[in-house]
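FYI, side chains are in, hydrogens and waters are out, and symmetry mates aren't considered; it's all heavy atoms of this structure. Just so you know, residue 1 is the first one in the sequence shown, and it goes up from there. All of these numbers come straight from a predicted model, not from anything done at the bench.
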Amino acid sequence: MSTLAHTMMTAARPTENGLAGPGDLDRYSYGGTPATERVGPPSWDGSDAELGRVGRRAAGSRGRGLHGQLVQQLGQMIVSGDLGADRPLVPEEIGQRFEVSRTVVRESLRVLEAKGLVSARPNVGTRVRPVSDWNLLDPDIIEWRAFGPQREDQRRELSELRWTIEPLAARLAAGHGREDVQQRLGDMVEIMGHSLTQGDVLTFSRADAEFHSLLIQLAGNRMLEHLAGIVSAALQVSGGPVTGCDRPTEASLTHHARIADALASGDGQAAESAMRQLLTVHPEVERVVPAPREH
C-alpha cells in the first residue's frame, strides 16, 4: 500500500475550504456540517436582528472569513429565490443587516457578479440576474442549488452531465499510460475496499471523489479537466442515491475496480462500459439516462 493510501485510511481531516478541485485530497469538506443541519433559506424581510443571527450562523459553518461568509449567505438567498430581481441589493442595507463593512459587501457582490448572479449598473444599482445568466457550472452555485428548492433539478442535471462526461473520460484515459496516476487510481480502489469493510463512509467518499478527479485528469483533455470540479461537486452534494457513487456498496467497489483494471490494460471500450454501469448501478437513475448499451 502506498503512503497516500495509508494516509487517507488513517486520517479523514475536515477542511476550511469549499468544494475541492481535482486531485486535491485534503480539501474535501466532508467533515463540515451535515446536509440535514444546514440552515434553511433565510428571509430577507425578517428583522435586522434575525438576519444578522442567521447570517452569522450559516457562515460560521463554512469556516471562511467574513467575505466568504457573506458570499455564501447571499448566494444561497439568491439561488433559493429569497432575493429576487424585483428588489435592488443596496450595499449599505446589506452591511447593516449582516454587520459587515462596506469593503466586505463590495467584494462579495463582485464575486457574485463574476458568477453571473447579480449585475451592477449606474443609476440602476445591483440586481439579481435571471437564471439563464448564472454560471451553473460554478461549484458554489451547484452546491447552493443542491440544498435549495431546485435540489431535484440539480441532482437530475448533474446525473445527466456526468453521464456525458465520465464515460468519455474513461475511454480517453485508457490511452494514457501514466504509471503514477494509475497507481493512485489503484490506491483509491484499495482505500474504498478497506473503508467499505470498516463501514467508514467518510474515507470511502473522499477516495471516490479523488478516483473520479484523477480519471478525468488522465484523459489528457484540458477542456474535460475544467469539468472535473463539476464531478467533485456532484459527488458531494447529490443528496441521495442517484448513482452508484453515492453509497459505499460492493457493486460500486466492483465497478471502480473494473474501471481501474481496464485503464491499466489500455482497454478504452471496457473502461467506458464499466463507467456507464457504475453511473446506472442504482435503479433510480434509469429515469434520467438510458441503460448502457453493449458494443
Peer 1: Hey, does Arg127 have a side-chain heavy atom less than 4.5 Å from the side chain of Leu89?
Peer 2: no
Peer 1: Hey, is Asp153 close enough to Arg156 for a salt bridge, meaning N to O under 4.0 Å?
Peer 2: yes
Peer 1: For the residue pair Leu66 and Val100, what are the closest heavy atoms and their distance?
Peer 2: CD2-CG1, 4.2 Å
Peer 1: Please examine the side chains of Leu158 and Ile142, heavy atoms only from C-beta on, and report whether any two atoms are closer than 4.5 Å.
Peer 2: yes
Peer 1: Distance check, rounded to the nearest 0.5 Å: Glu160 atom CD versus Leu279 atom CG?
Peer 2: 12.5 Å
Peer 1: Looking at side-chain heavy atoms only, is the closest gap between Glu143 and Gln76 below 4.5 Å?
Peer 2: no
Peer 1: Do Leu196 and Glu250 come close enough that some side-chain heavy atom pair is under 4.5 Å?
Peer 2: yes
Peer 1: Identify the two heavy atoms, one from Val181 and one from Leu214, that lie closest to each other, and give their separation to 0.1 Å.
Peer 2: CG1-O, 4.0 Å
Peer 1: State, to 0.1 Å, how close Leu263 and Leu215 come at their nearest heavy-atom pair, and which atoms those are.
Peer 2: CD1-CD1, 3.9 Å
Peer 1: Are the side chains of Arg206 and Ile191 in touch, meaning some heavy atoms are under 4.5 Å apart?
Peer 2: no
Peer 1: Closer than 3.5 angstrom, by distance alone: can the side chain of Ser273 be matched with the main-chain N or O of Gln269 as a donor-acceptor pair?
Peer 2: no
Peer 1: Does the side chain of Leu161 come within less than 4.5 Å of Leu137's, by heavy atoms?
Peer 2: yes
Peer 1: Grab the two heavy atoms, one from His67 and one from Ser108, that are nearest each other, plus how far apart they are.
Peer 2: O-OG, 3.4 Å
Peer 1: Hey, mind stepping through Gln277 and Arg258 against side-chain contact (heavy atoms from CB on, under 4.5 Å) and telling me if it holds?
Peer 2: CA-CA 10 Å; Gln277 291 177 12; Arg258 286 182 57 209; 2.5 Å; yes
Peer 1: Without hydrogens or angle criteria, can the side chains of Asn221 and Glu225 be said to hold a donor-acceptor pair below 3.5 Å?
Peer 2: no
Peer 1: What I want to find out is whether Arg110 reaches Glu113 closely enough, with some N-O distance under 4.0 Å, to be called a salt bridge.
Peer 2: no
Peer 1: Looking only at side-chain N and O atoms, does Trp144 offer a donor or acceptor that is under 3.5 Å from a partner on Gln150?
Peer 2: no
Peer 1: Walk me through whether Val79 and Trp134 qualify under side-chain contact (heavy atoms from CB on, under 4.5 Å).
Peer 2: CA-CA 10 Å; Val79 170; Trp134 298 358; 4.0 Å; yes
Peer 1: Could you report the tightest heavy-atom contact between Phe204 and Ser252, atom names first, then the distance?
Peer 2: CZ-OG, 4.1 Å
Peer 1: Given the rule in the side-chain contact (heavy atoms from CB on, under 4.5 Å) test, do Lys115 and Leu136 qualify, once you have shown the distances and angles that lead to the verdict?
Peer 2: CA-CA 8 Å; Lys115 295 177 183 293; Leu136 296 179; over 6 Å; no
Peer 1: Any sub-3.5 Å donor-acceptor pair from Thr203's side-chain atoms to Asp200's backbone N or O?
Peer 2: no
Peer 1: Do the non-hydrogen side-chain atoms of Glu152 and Arg155 ever get within less than 4.5 Å of each other?
Peer 2: yes
Peer 1: Under 3.5 Å, is there a donor on one side chain and an acceptor on the other for His256 and Asp208?
Peer 2: yes
Peer 1: Considering only heavy atoms from C-beta outward, does the side chain of Pro91 approach that of Leu109 to under 4.5 Å?
Peer 2: yes
Peer 1: Look up atom CE in Met188 and atom CD in Glu210, then write down how far apart they are to the nearest 0.5 Å.
Peer 2: 5.5 Å
Peer 1: Can you name the closest pair of heavy atoms from Leu224 and Ile216 and give their distance?
Peer 2: O-CG2, 3.4 Å
Peer 1: Run Leu74 and Leu117 through side-chain contact (heavy atoms from CB on, under 4.5 Å) and show every step you take.
Peer 2: CA-CA 10 Å; Leu74 292 178; Leu117 294 178; over 6 Å; no
Peer 1: A cation-pi test, strictly: NZ or CZ of Arg276 under 6.0 Å from the centre of the six-membered ring of Trp163 and no more than 45 degrees from its axis. Yes or no?
Peer 2: yes
